[in-house]
Amino acid sequence: MDNQTKSSSGASSFTSAMNLDQQGVSSIPQLYVLPPSQRPNTIHHHEHVLPLPIIDLSDFHDQSRRYQIINEIRNACKEFGFFQVINHGIDESAINEALKAAEEFFNLPHDEKMCLFSDDVHKPVRYGTSLNHARDEVFCWRDFIKHYSHPLSDWIHLWPSNPPSYRKNIGNYAEAVQDLQNKLMEMIFESLGLNPSYLEEEVNGGSQLLAVNCYPACPEPELTLGIHPHSDYGSITVLLQTRSGLEFKNKNNNWEAVPLVEGGLVVQLGDQMEVLSNGVYKSVIHRATVNVDKKRFSIVSLHSFAMDKKIGPAKELVDDDDHQLPKCYNEFSFREFLQFISNNDITKERFLDTLKIME
Ligand code: OGA
Ligand code: NI
C-alpha cells in the first residue's frame, strides 16, 4: 500500500475520543477495553519513606542554593526518574493561555481537526487519537496534536491557524519551556558529575516536540487508559497536567500516581538520558489514567538531541579498560527511534531494550 492509500484509509476509520464523548456513549467500545491485567487499579500505595520530589527552583543562580538543588535532582533521578518543579520561572498566565488555546483546539469541529490528521510519525504537525490508531490493538482514550516547536520560526507557520490564539499562546509556552529545559539539562548534567555545559550546542539546538493531549471524560475509566505505559524517547520531558492522571512505575514495579501540584511542572527522564548516563539514571515508565467526570489536558514538551545526532553513553561515565564501568548501551538517534515506532508496537517491545549491551 502506498502512503496515500494508507493515510486515507486511516482517516476513514478514524473516531476520536472527543467524538465518543460528544456522542455521550454510556460504555466504551470493545476496542478500548484492556485485558484485565493491564487495567488501572484504583488503589495506589505510596511505597516510599521519602515524599515524591518537588524541587523549588527559586534562586537557582545562587551558588549554595544551586548546589542544594542539584543534590535534590540527583536523588530524584536515581530514585524515581522524575521530579516536579515549582518556581520554575514560567508565568502562570503563559500556562493558562496555552491551556485555553489547547482546549479551544479540541473543541473545533471534527472536520476541521481532520485537516491535520496523519498517522505518519514523521509529519511535523499531526492530529490523531490513541497512540498510533493505524497500529494499536487496544485504543487509548486520548486525542492529540503533536508538532515540532524549536526553533519556533521553523515550524509555527505549519501549526493550526484555528483557534486564532493557538500559535501565539502555544508558541509563548513552547519558548518558555525550551529555556527551562536548557537550565534543567545543565543541572542534570552537573548532577551526573559532567560539565554543566556538556553538549551545550546540541542541547540548545535540539528538537522540541510538543504533544498537546486531550483526555475526555470516560464512562468506564477502570477498563481503559488515556495513554499506555511507555517511556519517552528524548533527553527530558516537561509535562503540564490540568488534573491528576499521570502515573509512574516505581522501583517495585508498582504504579503510583504523580499528584497534581498547583503551578508545578513534571520533569521526566527519557531514553536518551538513560543511554547518555550509561544507566546511572533510568528513563521513567509512565501512563495516564482517565476519569469519569471531567476532561483532562496535558501539554507535554519532549526534548531530544537533533534528529540525526547519535547519543551514546558519555565517555566520562564509561571505563571499559578495567571493566569498572562497562558501556551498557549502543548509541541511537531520534530518527532511529521514529523508524522503530513506525515498524513496531511499543506496547509490546521497548525501544530501549534493543540498545542494551548484555555482558
Ligand atoms: C506523553 C505522555 C502523559 C500525560 O504524551 O508522552 O506520557 O499525562 N503523556 O498526558
Ligand atoms: Ni510520555
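Note that the coordinates shown come from a computational prediction; the quantities given were computed from them, not determined experimentally.
- For the atom pair CG of L31 and OG1 of T224, the computed distance is 9.0 Å after rounding to the nearest 0.5 Å.
- Under the 4.5 Å side-chain heavy-atom criterion for ILVMFWY residues, no single connected hydrophobic cluster contains both L194 and V318.
- Every side-chain contact (heavy atoms from CB on, under 4.5 Å) that D293 has, sequence neighbours left out, goes to R243, N291.
- Aromatic rings from W255 and F248 are positioned such that their centres are separated by 6.0 Å or more.
- A search for side-chain contact (heavy atoms from CB on, under 4.5 Å) contacts involving E186 returns R66, P196, not counting sequence neighbours.
- Here the side chains of L57 and L180 are in contact, with some heavy-atom distance below 4.5 Å.
- Of the N and O atoms on the side chains of N195 and S197, at least one donor lies less than 3.5 Å from an acceptor on the other residue.
- Between Y127 and F14, the ring planes lie tilted relative to each other; the angle falls in the 30° to 60° range.
- Not one N or O on the side chain of R65 forms a donor-acceptor pair closer than 3.5 Å with the backbone of F60.
- Side-chain atoms of N250 come within 3.5 Å of backbone atoms of N252 as a donor-acceptor pair (strictly under, hydrogens ignored).
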Between I236 and Q268, does the side-chain contact (heavy atoms from CB on, under 4.5 Å) criterion hold? Intermediate values first, please. CA-CA 6 Å; I236 60 171; Q268 296 175 309; over 6 Å; no
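- Side-chain contact check for N132 and S130: no donor-acceptor pair (N or O, by modelled atom type) lies under 3.5 Å.
- Checking side-chain atoms of D319 against main-chain N and O of L325 turns up no donor-acceptor pair under 3.5 Å.
- A salt bridge links E336 to K310: at least one charged side-chain nitrogen sits closer than 4.0 Å to a carboxylate oxygen.
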When you look at F351 and F332, which way does the ring pair (Phe, Tyr, Trp, His ring centres under 6.0 Å) test go after all the steps? CA-CA 10 Å; F351 175 62; F332 81 102; 5.0 Å; yes
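- With no hydrogens or angles considered, a side-chain donor-acceptor pair links D232 and H286 at under 3.5 Å.
- How far CZ of F144 is from CZ of F105: 10.5 Å, rounded to the nearest 0.5 Å.
- Between the side chains of Y166 and E104, no donor N or O sits under 3.5 Å from an acceptor N or O.
- The backbone N or O of H147 lies less than 3.5 Å from no partner atom in the side chain of W155, so there is not a single donor-acceptor pair.
- With respect to the salt-bridge test (charged N to carboxylate O, under 4.0 angstrom), the residues E202 and K309 qualify.
- Neither side chain, D59 nor H61, offers a donor N or O lying under 3.5 Å from an acceptor on the other.
- Ion pairing between D308 and R335 holds under the 4.0 Å rule for side-chain N and carboxylate O.
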Can Y281 and L192 be said to form a side-chain contact (heavy atoms from CB on, under 4.5 Å), step by step? CA-CA 9 Å; Y281 292 166; L192 282 166; 3.5 Å; yes
Between V138 and V33, does a side-chain contact (heavy atoms from CB on, under 4.5 Å) hold up when you go through it step by step? CA-CA 7 Å; V138 179; V33 178; over 6 Å; no
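- Dense packing is recorded around NZ of K282, with more than 12 heavy atoms of other residues, nucleotides or ligands lying under 6.0 Å away.
- Defined by atom type and a distance below 3.5 Å, a donor-acceptor pair is present between the side-chain atoms of D56 and N87.
- Classification of E222 and R39 as a salt-bridged pair fails, no side-chain N sitting under 4.0 Å from a carboxylate O.
- Looking at E112 and N162, their side chains do bring a donor and an acceptor atom within 3.5 Å of each other.
- Inspection of the N96 and S93 side chains reveals no N or O donor paired with an N or O acceptor under 3.5 Å.
- Between atom CD1 of residue I55 and atom CG of residue N71 there is a gap of 10.0 Å, rounded to the nearest 0.5 Å.
- Q241 CD to N213 CG: the interatomic distance, rounded to the nearest 0.5 Å, is 11.0 Å.
- In this structure, H133 has its ring center under 6.0 Å from that of F117.
- Checked against Q84 for a side chain to side chain contact (heavy atoms under 4.5 Å, CB included), the options V267, V266, L52, L265 give a single hit: V266.
- A distance-only check finds no donor-acceptor pair linking the side chain of S301 to the backbone of V177 [under 3.5 Å].
- For W141 (side chain) and P221 (main-chain N/O), no donor-acceptor pair under 3.5 Å exists by modelled atom type.
- For the pair R287 (side chain) and H228 (backbone), a donor-acceptor distance under 3.5 Å is absent.
- One N or O on the side chain of Q208 and one on the backbone of A174 form a donor-acceptor pair closer than 3.5 Å.
- At most 12 non-hydrogen atoms from other residues, nucleotides or ligands lie less than 6.0 angstrom from NZ of K294.
- Here K348 pairs with D345 in a salt bridge; the nearest charged N to carboxylate O distance falls below 4.0 Å.
- Hydrophobic clustering places F305 together with I341 (ILVMFWY residues linked when any side-chain heavy atoms are closer than 4.5 Å, directly or through intermediates).
- Remark: side-chain polar atoms of D136 are paired, donor with acceptor, to backbone N or O of L131 under 3.5 angstrom.
- Annotation: the span from H88 atom NE2 to S58 atom OG amounts to 11.0 Å, rounded to 0.5 Å.
- Side-chain contact check for Y215 and T289: no donor-acceptor pair (N or O, by modelled atom type) lies under 3.5 Å.
- Separating the CG atom in D119 from the OG1 atom in T129 is a distance of 11.5 Å, to the nearest 0.5 Å.
- Using a 3.5 Å distance cut-off with no hydrogens or angles, the side chains of R350 and S231 do pair a donor with an acceptor.
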